[in-house]
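What follows is one structure encoded as structure tokens, with my remarks underneath.
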Protein chains: 2
Amino acid sequence: MLADVARYAGVSTATVSRTLNEPDKVSAQVKARVQTAVKKLTYVPHGAARALASQRSHATGIVVPTLRAGLFAEGVEALQRRLEGSSYTLLLASSQYDPQIELKEVHTLVEQGVDGIALVGNSHLQQVYDLLRGKRVPYINTYFYTKDSPHPCVGVDNRAATYRLTKILLDLGHQDFSIIASPTQNNDRAAERIAGVRACLAEHDVKLSPSRILEVPNQISDGRAALKALLDAAPSITAVLCRRPFRSPQSRRCGATKAVDHRIR
Amino acid sequence: MLADVARYAGVSTATVSRTLNEPDKVSAQVKARVQTAVKKLTYVPHGAARALASQRSHATGIVVPTLRAGLFAEGVEALQRRLEGSSYTLLLASSQYDPQIELKEVHTLVEQGVDGIALVGNSHLQQVYDLLRGKRVPYINTYFYTKDSPHPCVGVDNRAATYRLTKILLDLGHQDFSIIASPTQNNDRAAERIAGVRACLAEHDVKLSPSRILEVPNQISDGRAALKALLDAAPSITAVLCRRPFRSPQSRRCGATKAVDHRIR
DNA sequence: TTGTACGCGTTATCAT
DNA sequence: ATGATAACGCGTACAA
């Protein structure tokens with residue numbers, strides 16, 4: 001502990017603490033002695049003690065629906081790498097798309113004293129927001145963005161994106177649409193994407209019956225089956241708005257959704 | 001804090017602490033009062049203080065090479081889910097297959113006071129092991145297993161697996177082998193897989209020239225290109241030991257590697 | 001620039 | 001069963 005280092009270096013614990021946290025406020029002479037002592041004793045600061053004394057944990061948290069989606073796995077890794085440079089650690093939790101589990105995870109993270117927390121999407125239990133506000137824990141909703149969100153958020157404006165995609169397809173002359181979407185249960189991003197399409201079509205008086213919107217799991221095989229089902233039921237379809245398998249960052253440049261605007265088959 | 005709850009419930013902080021941690025040692029009467037107070041004040045324990053006093057953080061850490069590999073993403077998620085039940089949190093770090101970064105990450109985790117740590121593979125800088133032993137932090141190497149490992153480890157015995165696969169191919173009559181492998185740089189699992197094949201072939205006096213072993217990135221496109229290159233260079237090849245894209249748990253049942261034992265093309 | 005000493009919020013020991 | 005109180009290891013006014 002600090003005391004050992006202090007004794008070894010022949011200084012006070014305060015000085016050791018300073019050399020570690022505010023090196024400028026220490027003379028070169030003493031600084032050197034302390035640093036030697038630190039190495040000699042392989043001193044490792046006690047995070048909990050430090051957190052208790054300074055009231056900050058040097059840890060942040062993120063809770064994602066799942067890591068099985070490449071999208072989130074990559075986001076988590078990116079965050080961790082960014083944090084690494086600042087000697088901040090990342091507490092990870094996953095909710096399995098279950099709001100209750102998410103609440104529990106957030107609570108655990110708050111208990112651990114994270115200095116900030118990242119969530120996915122904008123829809124969370126009121127208790128989550130209450131807890132965060134109550135404990136004054138900064139938070140941000142990711143993978144989501146709307147101009148008028150009441151919460152801090154960063155990400156794709158899914159609704160706007162699909163609105164634009166749909167507009168393009170309309171301009172190309174398409175009139176017969178359908179959507180292969182992700183399950184919208186506890187997934188506001190997926191819901192927003194559908195909403196964007198509906199809004200655009202409605203604005204242009206193009207019909208989109210519920211049967212043309214298929215919500216299926218994010219597996220390639222499910223998407224394939226859905227497409228087949230759609231075309232079997234309505235061969236007249238010329239435009240399908242669908243997801244795309246997650247690949248490299250480059251291949252994602254165009255946004256959250258891919259539009260197929262050529263004749264199928 | 002505890003004191004507030006204690007005051008509200010009209011008991012000492014010690015009693016509050018007990019009702020929270022050792023409910024049995026508290027009378028039903030008092031327990032009820034305390035629990036009401038806790039809810040009324042939305043009390044949330046201070047993790048750092050608790051860690052400092054009890055000398056355990058209720059946190060564990062894992063450092064993986066990357067989350068971009070579905071294999072690791074899934075492992076991390078599985079660990080997190082398992083921990084969730086025990087109200088343990090997971091500190092996540094990724095090393096990008098860089099031993100130095102890994103050392104740094106481990107150091108950060110130790111600093112945070114994790115109660116235990118999981119690594120990937122068996123090959124780590126000596127300093128990593130020294131640090132872990134020095135600070136008495138329990139650790140385990142995952143995605144790796146050999147009977148005689150000097151370190152605690154759990155996972156696939158890659159060498160044994162590929163040895164057996166190769167044996168099967170030999171028994172089927174194959175004599176002309178090649179391997180499409182992952183980069184073995186800082187990846188003892190990949191190295192072990194190759195070693196297993198070599199060992200088996202050597203034992204049966206079958207040659208495998210270095211040019212028949214291609215180490216390429218874990219992308220489907222890279223694997224495809226490698227296969228093409230191999231067959232162009234040596235059409236006589238009848239068996240290729242290669243990786244396979246990560247899918248669902250079910251499809252992984254057979255082990256770490258896939259063997260192609262039919263004629264190609 | 002350096003040292004002293006108190007406080008951070010719990011747990012745990014020892015009385016009661 | 002419950003309470004008083006001393007650690008836990010460090011940061012940080014405040015003093016020197």
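In what follows, every chain begins at residue 1, and chains take the letters A, B, ... in the order their sequences are listed. All values below come from the heavy atoms of this structure, side chains included, with hydrogens, waters and symmetry mates left out.
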Sequence neighbours excluded, which residues qualify as salt bridge (charged side-chain N to carboxylate O under 4.0 Å, His left out) partners of [X]?
| X | value |
| --- | --- |
| A:K25 | A:E22 |
| B:R159 | B:E192 |
| A:D4 | A:R7 |

Hey, could you give me the [atom1]/[atom2] distance between [X] and [Y], rounded to the nearest 0.5 Å?
| X | Y | atom1 | atom2 | value |
| --- | --- | --- | --- | --- |
| A:Y97 | A:N186 | OH | CG | 10.0 Å |
| B:K147 | B:C153 | NZ | SG | 12.0 Å |
| A:S94 | A:L67 | OG | CG | 6.0 Å |
| B:E84 | B:L79 | CD | CG | 11.5 Å |

With ring-ring contact (aromatic ring centres under 6.0 Å, His included) as the rule and sequence neighbours excluded, what pairs involving residues 111-135 of chain B come up? B:H124-B:Y129, B:Y129-B:Y139, B:Y129-B:H151
Scan side-chain atoms only and decide if [X] and [Y] contain a donor-acceptor pair under the 3.5 Å cut-off.
| X | Y | result |
| --- | --- | --- |
| B:Q96 | B:T66 | no |
| A:N141 | A:N122 | yes |
| A:N158 | A:R189 | no |
| B:T15 | B:S12 | yes |

Pairs where residues 33-43 of chain B contributes a residue and the test side-chain hydrogen bond (donor to acceptor under 3.5 Å, both in side chains) is met, not counting sequence neighbours: none
How would you list all residue pairs meeting side-chain hydrogen bond (donor to acceptor under 3.5 Å, both in side chains) that involve residues 46-58 of chain A, not counting sequence neighbours? A:N21-A:R50, A:R56-A:Y88, A:S57-A:D115
Suppose we screen for ring pair (Phe, Tyr, Trp, His ring centres under 6.0 Å). Which residues come up paired with B:Y143, at least two apart in sequence or across chains? B:F72
For chain A, the stretch of DNA chain C it reaches, first to last nucleotide, under 4.0 Å of its heavy atoms: C:dT1 to C:dG9
Which residues, if any, of residues 45-60 of chain A bring a heavy atom under 4.0 Å of DNA chain D? A:P45, A:H46, A:A49, A:R50, A:A53, A:S54
Going by heavy atoms closer than 4.0 Å, what residues in residues 34-44 of chain A are next to DNA chain D? A:Y43
Check nucleotides 2-4 of chain D against the protein and report each pair of N or O atoms closer than 3.5 Å, with its distance, or say if there are none.
{"from": "D:dT2", "atom 1": "OP1", "to": "B:S27", "atom 2": "OG", "distance (Å)": "2.7"}
{"from": "D:dT2", "atom 1": "OP2", "to": "B:S27", "atom 2": "N", "distance (Å)": "2.9"}
{"from": "D:dT2", "atom 1": "OP2", "to": "B:S27", "atom 2": "OG", "distance (Å)": "3.3"}
{"from": "D:dG3", "atom 1": "OP2", "to": "B:S12", "atom 2": "N", "distance (Å)": "3.0"}
{"from": "D:dG3", "atom 1": "OP2", "to": "B:S12", "atom 2": "OG", "distance (Å)": "3.2"}
{"from": "D:dG3", "atom 1": "OP2", "to": "B:T15", "atom 2": "OG1", "distance (Å)": "2.5"}
{"from": "D:dG3", "atom 1": "N7", "to": "B:R18", "atom 2": "NH2", "distance (Å)": "2.9"}
{"from": "D:dG3", "atom 1": "O6", "to": "B:R18", "atom 2": "NH1", "distance (Å)": "3.3"}

Axis-to-axis angle across the helix from C:dT1-D:dA16 to C:dT16-D:dA1, five pairs each end, nearest 10 degrees, ~ 30°
